[in-house]
Amino acid sequence: GIGSNRAAREAMENAMRRLVTHYTEIDQRIMPKKHNYVVQVSNLNGSGSSDKIALATYISLISLAVGRPTLDSMVVLGDMTVGGDLIKLQSLADTLQVAKDSGAKSVLLPSSAMAKMGEVPPDLFGAFTWVTYQSVEDAAFKAFGLG
C-alpha cells in the first residue's frame with residue numbers, strides 16, 4: 001500500500017528492525033525472526049501515503065506477533081527514529097481533524113505533544129479518548145489498553 005514511497009518503506013523497515021532488536025521489552029515469546037509479517041497500509045483520505053508510519057507499523061507488528069488487537073478506532077500520533085527516539089509532532093489540530101473525519105475515537109499521543117493542546121478547538125478535544133505515552137514501548141503497551 002505504499003507504492004514507490006521510499007521513505008515509507010524505510011519507516012516500515014525501521015519498525016521491523018526495532019521489533020527484532022527490542023522484542024524482549026514487549027514479550028520474550030514474540031521471536032520475530034521465526035515468522036513472516038504482512039502489514040497493509042491504507043490511506044482512508046486518498047491524500048497520498050505518509051512516511052510517518054514507523055511507530056504505527058511497530059505497533060501493528062507487535063499486534064500480529066502477540067495476537068492481540070489494538071484499541072478500537074484508535075489513531076497513533078507521533079513517530080520514531082531509527083534509534084527509537086520519539087519525533088516531535090507537527091500540526092496537532094489539523095492531524096486531529098483528519099483523525100476525527102476518518103472515524104477515530106481514541107488518540108495515542110506522545111506526552112510531549114500535550115503542550116500543543118491549547119491549539120486544539122474544544123469540540124475537537126472532546127471528540128476523543130486520550131491516551132498518552134512516554135516512549136516507543138510505552139506506546140505499544142498503551143495501544144493494547146495495557147499500562
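The first residue in the sequence is number 1, and the count goes up from there.
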For this session: Would you please name every residue forming a side chain to side chain donor-acceptor pair (under 3.5 Å) with Ser111, sequence neighbours left out?
Result: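 Partners of Ser111 under the side chain to side chain donor-acceptor pair (under 3.5 Å) test: Gln134.
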Exercise. Among all residues two or more places apart in sequence or in another chain, which pass the side chain to side chain contact (heavy atoms under 4.5 Å, CB included) test with Ser112?
Worked result: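 Only Pro110 meet the side chain to side chain contact (heavy atoms under 4.5 Å, CB included) criterion with Ser112.
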For this session: List for me each residue that meets salt bridge (charged side-chain N to carboxylate O under 4.0 Å, His left out) alongside Glu10, sequence neighbours excluded, and say none if there are none.
Result: Arg6
Quick one, [X] and [Y] - any side-chain contact, counting heavy atoms below 4.5 Å?
X	Y	value
Tyr37	Pro32	yes
Glu13	Arg9	yes
Met12	Val41	yes

To the nearest 0.5 Å, tell me how far [X] [atom1] sits from [Y] [atom2].
X	Y	atom1	atom2	value
Leu109	Lys142	CG	NZ	10.5 Å
Leu55	Tyr133	CG	OH	4.5 Å
Asp79	Asp51	CG	CG	8.0 Å

Name the atoms and distances for all side-chain donor-acceptor pairs under 3.5 Å in residues 62-76, with sequence neighbours left out.
from	atom 1	to	atom 2	distance (Å)
Ser63	OG	Arg68	O	2.6

Atom of [X], atom of [Y] and distance for their closest heavy-atom approach:
X	Y	result
Met80	Asn14	O-ND2, 3.7 Å
Ile53	Thr57	O-OG1, 2.7 Å
Phe141	Glu25	CZ-O, 3.6 Å
Ala143	Leu108	CB-CD2, 3.9 Å

Problem set entry | Residue pairs fulfilling salt bridge (Lys or Arg N to Asp or Glu O under 4.0 Å) with at least one residue in residues 115-137, sequence neighbours excluded | Arg18-Glu137
Give the cluster check for [X] versus [Y]: same hydrophobic cluster or not, with ILVMFWY residues linked at side-chain heavy-atom distances below 4.5 Å.
X	Y	answer
Leu19	Leu146	yes
Met16	Val82	no
Leu77	Val131	no

Which donor-acceptor pairs under 3.5 Å do side chains of residues 86-100 form with protein atoms, sequence neighbours excluded?
from	atom 1	to	atom 2	distance (Å)
Thr95	OG1	Ser91	O	2.9
Gln97	NE2	Asp101	OD1	2.9

Exercise. Between the main-chain N or O of Val20 and the side-chain N or O of Lys33, is there a donor-acceptor pair closer than 3.5 Å?
Worked result: no
Exercise. Can you name the residues that form a ring-ring contact (aromatic ring centres under 6.0 Å, His included) with Phe128, not counting sequence neighbours?
Worked result: Trp130
Exercise. Cluster partners of Met31, using ILVMFWY side-chain heavy atoms under 4.5 angstrom, listed by chain and number?
Worked result: none
For this session: Given side chain to side chain contact (heavy atoms under 4.5 Å, CB included), test Phe144 with Ile26 step by step and report yes or no.
Result: CA-CA 12 Å; Phe144 302 110; Ile26 302 295; 5.9 Å; no
